[in-house]
Amino acid sequence: MNVTAIIDPLNPPQREAVTNTDSHLLVLAGAGSGKTRVLVHRIAWLVQVEGVSPHEILAVTFTNKASREMRERIYALLGSAPRSMWVGTFHGLAHRLLKMHWQEAGLSETFQVLDAEDQLRLIKRVYNNLGVDGDRWPPRQAQWFINGQKDEGLRARHLQQTGDPFATVMLQVYRGYEEACDRAGAVDFGELLLRAHELWLNKPDLLKYYQQRFRHILVDEFQDTNAIQYAWLRMLAGDSGWVTAVGDDDQSIYGWRGARIENIQHFTRDFPGVQTIKLEQNYRSTGVILKAANAVIARNAERLGKNLWTEEDDGEVISLYAGFNEQDEARFIAERIKDWESIGNLRSEVGILYRSNAQSRVLEEALLRLQIPYRIYGGHRFYERAEIKNALAYLRLLINRHDDTAFERVINTPTRGIGDKTLQRLRDTARAAEISLWQAAETLLSELPARAAGAISSFRDLINGLPTEDSGLCLHELAERAITVSGLLDFHSREKGERGQTRVENLGELLNACRGFEPEDHEQSALRQFVDAAALDAGDRQADSDDDAIQLMTLHSAKGLEFPLVFMSGVEENLFPHKMSVEEPGRLEEERRLCYVGITRAMKKLYITFAEARQLYGKENFNPVSRFVRDIPGQLLEEVRLSTGVSRPTSYAKPSGGTNDGTENEFGLGQRVLHHIFGEGMVLNFEGRGAQARVQVNFDNEGAKWLVLQYAKLRAM
DNA sequence: AAGGCAAATGTTTTT
DNA sequence: CATTTGCCTT
C-alpha cells in the first residue's frame, strides 16, 4: 500500500500529527482543521507504515455518529475493515468490556442498560421505598446528583456524610439507587464507565492484558472527557501505551455535564514527553468568519491559544439584524432563506442555530408561513420514544424474564387490568424475597384476587408463548410477533389524533431497523445484540436525509457540523450568554466557546440576528445585543437596515376605524427615535389613540419604557 | 382506565 | 405562554 495516499493530502502539521510515533501526542485541532482526517490517517499510518496490528489499536469517540464515521473512513482508506480494532464510544467500549467480563465485573450476564428515563423511574421508586419527599427534593435533582458523582468516579460509599440536609438526602437516595440497580441487574450510562474502570482496578491481570494489547490509543474530542473517562484512559495506557489525544479547548461546551477541560493540561502533566501539535489552518470558512471567531474567543482568559487562518478570501461580511421582536427576527431569516433558494441553492445548506430549544417555535412558524421545508434536531430520538421502548421491553423480556425494568414497563401496556395496587404488591413481594417481579408474579398467583391473577397469568402465557431467540425466526419476525401478539401495535394505533398513526409508523420503522440490523459477532443471538445496540444508540434523530430541508438545531448539537449559510439567532444578552451563566466567569467562558462553535459552523455566509423584544415564558423581555457581537470587529459586520414600513404583526394590530393621528406613519415599529433625556431607542409597540396614544420604546441605555406620545417629543431618526 | 383539570415549570445533551 | 405532570374524578 502506498504511503503517499496517507500523507499527500495533509498539510505539514497534520503530517506531523499523523507520522510522529515516538511520543504521546496532543493535537489541538481548531474548528474545521481536519481533525478526523488526522485521526483516520494516523491509524492508517500506524497499520500500513509502522506495521502496527489493528488488534493493538483502540480509538474512542463520544458519539455513535463520530465512531461510525471514523470506522467508515478507516475502511475507505485501508480498503478493508479491520475487525480486531476497537473503535467506539466510551460507553460502547465500556459496555463491550463489561459484556465480556460480566462475572469479574460483578454483573449478571444479562445486565441491562438504563437510559435517562429508566433511570429517573427507578429513582422515583427508590424515593417511594425510602419515603423521601419528592416535592422537597425533586427526583431530577437526585438524578443530576448521582450522574454528577459517577462522572467524578464517586460511589455512595466514597461520599462523606455532612450536616447539609440536601446532601444527606441525596446520599441516602444514591445508596438506595445503587442497591436497586444491583438487584435489577441494571446499569446506567455513568455506571458503564465507572464499572469498566473498577473492573481494571480490581482485576490487575485483565488490566495487564488490555495494556499489553492496546499499544495505541486514540481519543477524539478530548476536551469533552470527564474525570472517570480520563482515569480509564490513563489506566489503560499504563506505562507502555501510546496515546494520541485530539481536541480543541475552544470547543469545550459540555463542562456543565462533567467534561473537564483541564484534562488537556493533565494530559501533558501525566504523560511524559507529550508532543503538542496545533492545527490552525481552517478549510471550512471564509476569512471574515474566521476573524470574527478569533476575535470572540480571544477574550477568554483560560486558553491554550490558537489562531485559525485560511488561504481563502475574506468573503462576505457578517450581517447583523435587529428584529423588533422574535417574530420579526424569524420572518427576516425565512425571507433570506427564500432569497437563497431563489438563486438556486439547496435548503440543506442552511443551518439555523439557537441557544435553547424554546426558540425553535417561532422560527418554525415563520418557515411554515413561507412554505420552507425544515428539519428540526433535538427532542426525542428514535429509541427513546414510548412505543419503541415498549416494543423493546417485550424483546427484553423474551431474553430475560427477570428484567424488572422491562416487566414494569409492559405488564400493563397495553392495559390488561393490572393496576397500581397489584403492581405494588408484586414489588413488595419481590423486594422482600429478593426475587424478580416475574418470579413474584408467579408466587402471588394463588393469593391475588381472581381478576388480577387472571390478567397476570395471561400475561405470563403471552410472554411464554412468544417465539424465542432459538425459534429459527429472524430478528424482524421475532419483533413483529412480539408487537402484534402482545397487542402493542393495536394499542398504539388506537391512540387518538395523529399520535396513533405516528406511533404505528415508528413501530414499522423499528421492524425496518430489525431487518437492516447486522450482528457483530456470532456468539450471541441477533436479538440480544439488537437490544443492546438500541440501549446505547439513541438512533438518528431523523432518518430521511434525502429531502432538501433547512436544518434547525441548538448550538450544542451543531458542533461538528458545517453549513454554507448559517443563521445564529437570538444573540441577545440573557439568552446568549444565557442568564444562568453570566455570573460565574467559568460558565461565561463556556458560553463564549459556544459562540465560537456557532460562528465556525458557517462556511460562506453568516447572519447574526437578535430581537429587541422577546416573549419568553409569557413575559416580555428587552435584551441588548449579546456582548459577543460587540467583540466582533466592526469592519467584519454590516448592520442590515430595517426596511421602512415593516408590516405590523397581527397581534399588535389595533381595531380598525376611527381617525388615525398619524403616529403610525411618523413612527413605525422598529423605527429609531431620539428622546431628549433617554437618548436613542427603537419603537416596539403602540397603544391607544389621540391624546392617550402611548408608544413603547426600547432605549439603548435605559431599557424599555412606555411614553405618552404628546409629551414625549420623540424625534424620528 | 381514561379523561379532565390545576399546578408546576421552563438552558445546553450524549451515552 | 405553553407544555408537561400529577392528581382527581367519573
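Here is how names work: the chains are called A, B, and so on, in the same order as the sequence lines, proteins then strands, and each is numbered from 1.
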Asker: Please report the distance, rounded to the nearest Å, between CG in A:N226 and C1' in B:dT15.
Answerer: 11 Å
Asker: Below 4.5 Å, heavy atoms only, C-beta onward: do A:L367 and A:L552 meet side chain to side chain?
Answerer: yes
Asker: With sugar-phosphate meaning primed atoms plus P, OP1 and OP2, does A:K124 contact a base, only sugar-phosphate, or nothing at under 4.0 Å between heavy atoms?
Answerer: sugar-phosphate
Asker: Rounded to the Å, how far apart are A:Y354 OH and B:dT12 C1'?
Answerer: 12 Å
Asker: So is the aromatic ring of A:W256 stacked onto the base of B:dT12, judging by whether the centres are under 5.5 Å apart and the planes are under 30° apart?
Answerer: yes
Asker: Just the rounded figure in Å: distance from C1' of B:dT15 to CD of A:Q143.
Answerer: 13 Å
Asker: Taking the minimum atom-to-atom distance to the side chain of A:H556, which one of B:dG10, B:dT13, B:dT15 wins?
Answerer: B:dT13
Asker: Across the strands shown, which category fits A:F62 at heavy-atom distances under 4.0 angstrom: base, sugar-phosphate, nothing?
Answerer: sugar-phosphate
Asker: With sugar-phosphate meaning primed atoms plus P, OP1 and OP2, does A:G190 contact a base, only sugar-phosphate, or nothing at under 4.0 Å between heavy atoms?
Answerer: nothing
Asker: Can you tell me how far C1' of C:dT4 sits from CG of A:L120, to the nearest Å?
Answerer: 13 Å
Asker: Can you check whether A:S557 has a side-chain N or O nearer than 4.0 Å to OP1 or OP2 of B:dT12?
Answerer: no
Asker: Measuring from the side chain of A:S356 (C-beta onward, heavy atoms only), which nucleotide among B:dA1, B:dT15, B:dT12 has the closest atom?
Answerer: B:dT12
Asker: Indicate, with a heavy-atom threshold strictly under 4.0 Å, whether A:D188 touches base, sugar-phosphate, or nothing.
Answerer: nothing
Asker: Please determine whether a side-chain nitrogen or oxygen atom of A:S581 lies at a distance below 4.0 Å from atom OP1 or OP2 of B:dT12.
Answerer: no
Asker: Are any side-chain N or O atoms of A:N390 and backbone N or O atoms of A:A386, one a donor and one an acceptor, separated by less than 3.5 Å?
Answerer: yes
Asker: Do A:K559 and A:Y254 meet the cation-pi criteria used here (NZ or CZ under 6.0 Å from the six-membered ring centre, within 45° of the axis)?
Answerer: no
Asker: Check the phosphate of C:dT3 against A:R361, side-chain N and O only, distance under 4.0 Å to OP1 or OP2. Yes or no?
Answerer: yes
Asker: Salt-bridged, A:K389 to A:D115, with N to O below 4.0 Å?
Answerer: yes
Asker: Have a look at A:E591 and say if it touches a base, only the backbone sugar-phosphate, or nothing, with a 4.0 Å heavy-atom cut-off.
Answerer: base
Asker: Figure out the CG/P separation between A:D420 and C:dC7, and round it to whole Å.
Answerer: 11 Å
Asker: Is A:N357 touching bases, backbone alone, or none of the nucleic acid, heavy atoms closer than 4.0 Å?
Answerer: sugar-phosphate
Asker: Is the shortest heavy-atom distance from the side chain of A:W86 to the side chain of A:L97 under 4.5 Å?
Answerer: yes
Asker: Could you check which of B:dT12, B:dT15, B:dG10 has an atom nearest any side-chain atom of A:E384?
Answerer: B:dT15
Asker: Report the distance from atom CD of A:Q229 to atom C1' of B:dT15, rounded to the nearest whole Å.
Answerer: 9 Å
Asker: In whole Å, what is the span from the CH2 atom of A:W232 to the P atom of B:dT15?
Answerer: 16 Å
Asker: In whole angstrom, give the distance that lies between atom CG of A:L536 and atom P of B:dT13.
Answerer: 20 Å
Asker: Under 4.0 Å between any heavy atoms, over every strand shown, what does A:Y254 touch: base, sugar-phosphate, or nothing? Just pick one.
Answerer: sugar-phosphate
Asker: Can you list everything that forms a side chain to side chain donor-acceptor pair (under 3.5 Å) with A:R257? Sequence neighbours excluded, please.
Answerer: none
